[in-house]
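Below is one structure; the comments refer to it alone.
In each ligand, atom 1 is the first atom listed, and ligand 1 is the first ligand listed. None of these values were measured; they are calculated from a predicted model.
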Amino acid sequence: MSSIDSQYLPQQVEAEAQSYWQENDSFRAVEDPSREKFYCLAMFPYPSGHLHMGHVRNYAIGDVIARFQRMQGKNVLQPMGWDAFGLPAENAAMQNKVAPAKWTYSNIDYMRQQLKRLGYAYDWSRELATCHRDYYRWEQWFFTRLFNKGLVYKKEAEVNWDPVDQTVLANEQVVDGRGWRSGALVERRSIPQWFVRISQFSQELLDDLSSLEGWPEKVKTMQSNWIGRSEGIELDFEVAGETDAALQHLSVYTTRPDTLLGVTYVAVAPQHPLAAKAAKVNRELADFINQQNNIKVAEAELATMEKLGMDTGVKAIHPISQQQVPIYVANFVLMSYGSGAVMAVPGHDQRDWEFARKYGLDIKQVIAPSSKDSICDLEQAAYIDKGVLINSGEFDGLDFQQAFEAIAQYLNAQGKGEKTINYRLRDWGVSRQRYWGAPIPMINCTACGAVPVPEEDLPVLLPEDVEFDDSGSPLGRMAEFVDVDCPQCKRPAQRETDTFDTFMESSWYYARFTCRDQNDRMLDARANYWLPVDQYIGGIEHAILHLLYARFYHKLMRDEGLVNSDEPFTRLLTQGMVLKDGAKMSKSKGNTVDPMPLIEKYGADTVRMFAMFASPPDQSLDWSDSGVEGSYRFLKRVWKTVAGHDPVACDDYAALELNDEQKKLRLKTHQTLEKITDDYARRQTFNTVIAATMELMNATTRFLDDSGSDTDRPVVQEALETAILVLAPIVPHFSHVLWNHLGHPDPIIDAPWPTVDQSALKQDMALVVLQVNGKLRDKIEVPRSIKQEDLEQLALENVAVKRFISTGTVRKVIVVPERLVNIVVN
Ligand code: ANZ
Ligand code: ZN
């Protein structure tokens with residue numbers, strides 16, 4: 001036993017615990033196939049400069065889980081690193097005239113100290129920064145592998161162009177359509193960019209969601225909607241009088257073939273070749289198309305935009321009725337989805353309906369409601385529900401599914417249509433026209449085209465010593481970077497100056513942590529020991545893109561033979577936001593709370609505890625100064641109680657002769673332990689862990705108030721040990737010191753999780769004799785605290801008793817609490 005101060009001095013306590021962990025390298029994770037592993041990972045931070053409360057909470061959640069799993073006897077890996085590329089470093093470079101690399105590395109140094117001060121149990125030997133050459137070289141290598149497999153390609157795509165600063169802008173640098181620095185109206189420009197074929201994995205990414213039992217339903221739904229699988233038919237309309245073979249058949253994609261006979265016009269995207277051809281002889285149409293090409297809005301915005309269109313003058317021939325319908329150019333048709341053309345059914349599609357009303361096109365009903373509850377009034381709106389076909393000739397009377405099949409078959413027989421599956425998911429554009437990112441390892445040769453940088457020339461180093469001004473990425477202006485020889489023909493060529501989207505780095509860092517010191521390969525066998533990540537923790541804002549890209553990358557690495565699992569993250573916890581007065585904490589609102597002064601005042605444990613106590617991890621947390629104060633007071637009280645306790649060792653509590661009060665305290669201890677273990681492992685509600693520990697401490701202090709006898713010491717010891725053990729994942733420094741004080745020389749981080757003593761729980765049960773007219777009929781075990789009427793009820797419903805009372809009338813029930821129930825019948 002170490003003697004400790006009777007007062008809780010968090011700064012001293014935390015320094016002591018941290019130096020112990022440091023000296024003993026306590027959190028270094030070593031692969032050991034004989035032990036069950038647990039890989040716990042919280043999403044790594046962007047090194048913005050300092051930690052905010054959201055970080056503190058996120059990392060506290062991860063740390064609590066990691067430490068709990070270690071006490072379960074698992075071999076735990078909990079690493080930390082830096083998502084270090086990205087725009088803010090470039091902005092800071094312009095504002096403060098400091099190179100992005102220098103700015104980033106100094107932020108990392110500062111934030112590392114902050115994380116250490118919070119006492120998170122990281123294996124710092126595995127720390128990585130994505131801007132480091134040893135990291136991004138493997139990303140470059142992997143990209144060239146994907147290129148050789150045909151999984152990446154180059155195509156023209158639009159970017160935001162600032163005509164004054166002469167630079168490409170990221171979406172977040174466009175404010176109300178203008179460049180954030182120059183204020184100039186932003187233009188759209190098409191330039192060649194690199195894409196990764198995630199769309200080839202749409203079905204697998206969708207299917208495998210069902211294997212992710214440890215993910216919140218909400219996140220899986222978001223991913224599934226983003227992938228956007230739909231089943232439909234691709235069918236051809238013939239274009240009347242068209243002689244150009246390429247334009248003769250106008251293909252459309254529909255998920256509602258049952259409405260085919262309700263088509264009154266066809267609409268094509270402004271970028272559709274048919275529109276372009278019609279525009280050649282139609283000035284007005286050409287202007288309209290031009291105008292549409294220049295407005296660029298997000299796909300989501302399209303849905304709410306005013307529907308605009310123009311007749312091409314060309315007609316399409318309906319594949320079944322053979323009637324001619326007009327072909328319109330319409331702004332709501334996307335060139336990038338399906339075939340860029342739609343069959344319009346204004347009777348049953350609201351968008352088509354609005355468009356038809358606006359341009360005076362026919363609206364025809366071909367679906368009748370199948371139930372009386374729904375009303376079809378085409379004067380008011382389209383009828384969009386599924387129903388029964390009408391006005392559809394031989395298909396009349398069919399329901400949706402029957403019509404789908406019948407029309408598919410009909411079209412198929414005519415060679416005019418086929419069932420298809422479509423996905424909304426687009427290929428992943430990974431080119432950024434920015435400086436502070438991993439250079440895309442390609443060389444553009446006029447003779448050979450795009451040629452990957454050979455493995456022996458990797459990494460393509462990002463020059464870190466650069467001058468920064470307003471004119472965007474300096475890479476293109478650096479001859480020593482750009483001018484190279486083509487690896488194939490050896491003639492002068494130019495290096496690609498785009499860098500990777502930072503989602504590329506965050507898509508595989510979790511795997512690199514398993515073997516970050518491996519300099520001959522991207523990943524080695526250690527990856528398969530640790531992966532998949534058992535518990536991943538992060539913000540809901542990453543529910544779609546980051547998680548989808550990481551899942552995709554994992555499958556790419558699997559196909560490359562680098563990992564042997566299908567999914568990267570077994571269990572996912574999405575933590576809620578940290579709020580202040582009900583609003584999200586943010587710099588722009590000026591309502592942030594800096595964790596550091598709080599740590600100085602109360603210690604890291606109090607801050608960690610408050611972050612865990614105020615709400616369950618997946619809910620938002622309302623910051624409150626009084627809540628922090630309350631956490632601190634609780635720790636002080638516990639400290640005082642434990643420091644004042646005279647430790648005693650006991651290795652067989654069950655053998656002790658205990659009085660009722662002592663039994664009650666043991667009961668409380670083990671009830672609390674049972675509940676808390678479930679809260680940690682299954683429910684992941686750490687707030688209730690703390691609440692239950694507070695109750696246990698209250699019961700213990702009450703017990704101590706009435707106590708004087710030396711025989712009380714073991715049960716108090718047990719209660720206090722339990723409280724300190726279950727608090728250890730949350731307030732690890734505090735628990736470290738108090739555990740020693742309670743007589744344990746070995747550190748609490750390696751203490752096994754205590755087991756619930758069933759005999760302590762049983763002490764609360766009483767064996768009650770059931771009699772009918774004084775004759776023994778059964779014995780039952782009931783809680784001593786059971787209410788008299790409940791015990792009576794139990795007796796009357798007992799099967800053995802029922803046999804003897806069912807024929808008579810119950811006259812009287814006599815209850816002797818904890819002993820006997822006698823039922824008098826005649
Ligand atoms: C006729 C129809 C009738 C449609 C009806 C819907 C309701 P999802 O389910 O999201 O895949 N569509 C097809 N290609 C399009 C494009 N390039 N741009 C805009 N819209 C397009 O959507 C498929 C439906 O979206 C298709 O089914 C088509 O309209 C439209 F009562 O065809 B539908
Ligand atoms: Zn060449």
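For F500 and F143, the ring centers are positioned less than 6.0 Å apart.
Between E567 and K555, at least one side-chain N (NZ, or NE/NH1/NH2) sits under 4.0 Å from a carboxylate O, which counts as a salt bridge. The existence of a salt bridge linking R558 and D566 is confirmed by a sub-4.0 Å separation between a basic side-chain nitrogen and an acidic carboxylate oxygen.
For residues 252-264, the set of pairs meeting the side-chain hydrogen bond (donor to acceptor under 3.5 Å, both in side chains) definition, not counting sequence neighbours, comprises S230-Y253, R256-D258.
The side chain to side chain donor-acceptor pair (under 3.5 Å) test with E242 is passed by exactly one of Q248, K277, K315, H249: K277.
Rounding to the nearest 10°, we obtain 100° for the angle at the Zn ion (ligand 2) between C445 SG and C489 SG.
Within 4.0 Å of ligand 1, protein heavy atoms belong to S230, Y253, T254, T255, R256, T259, F332, V333, L334, Y337, G340, V342, M343, V345, H348, D349, R351, R424, listed by chain and number.
The aromatic rings of Y553 and W428 stand perpendicular to each other, their planes meeting at an angle above 60°, with 30° marking the opposite boundary.
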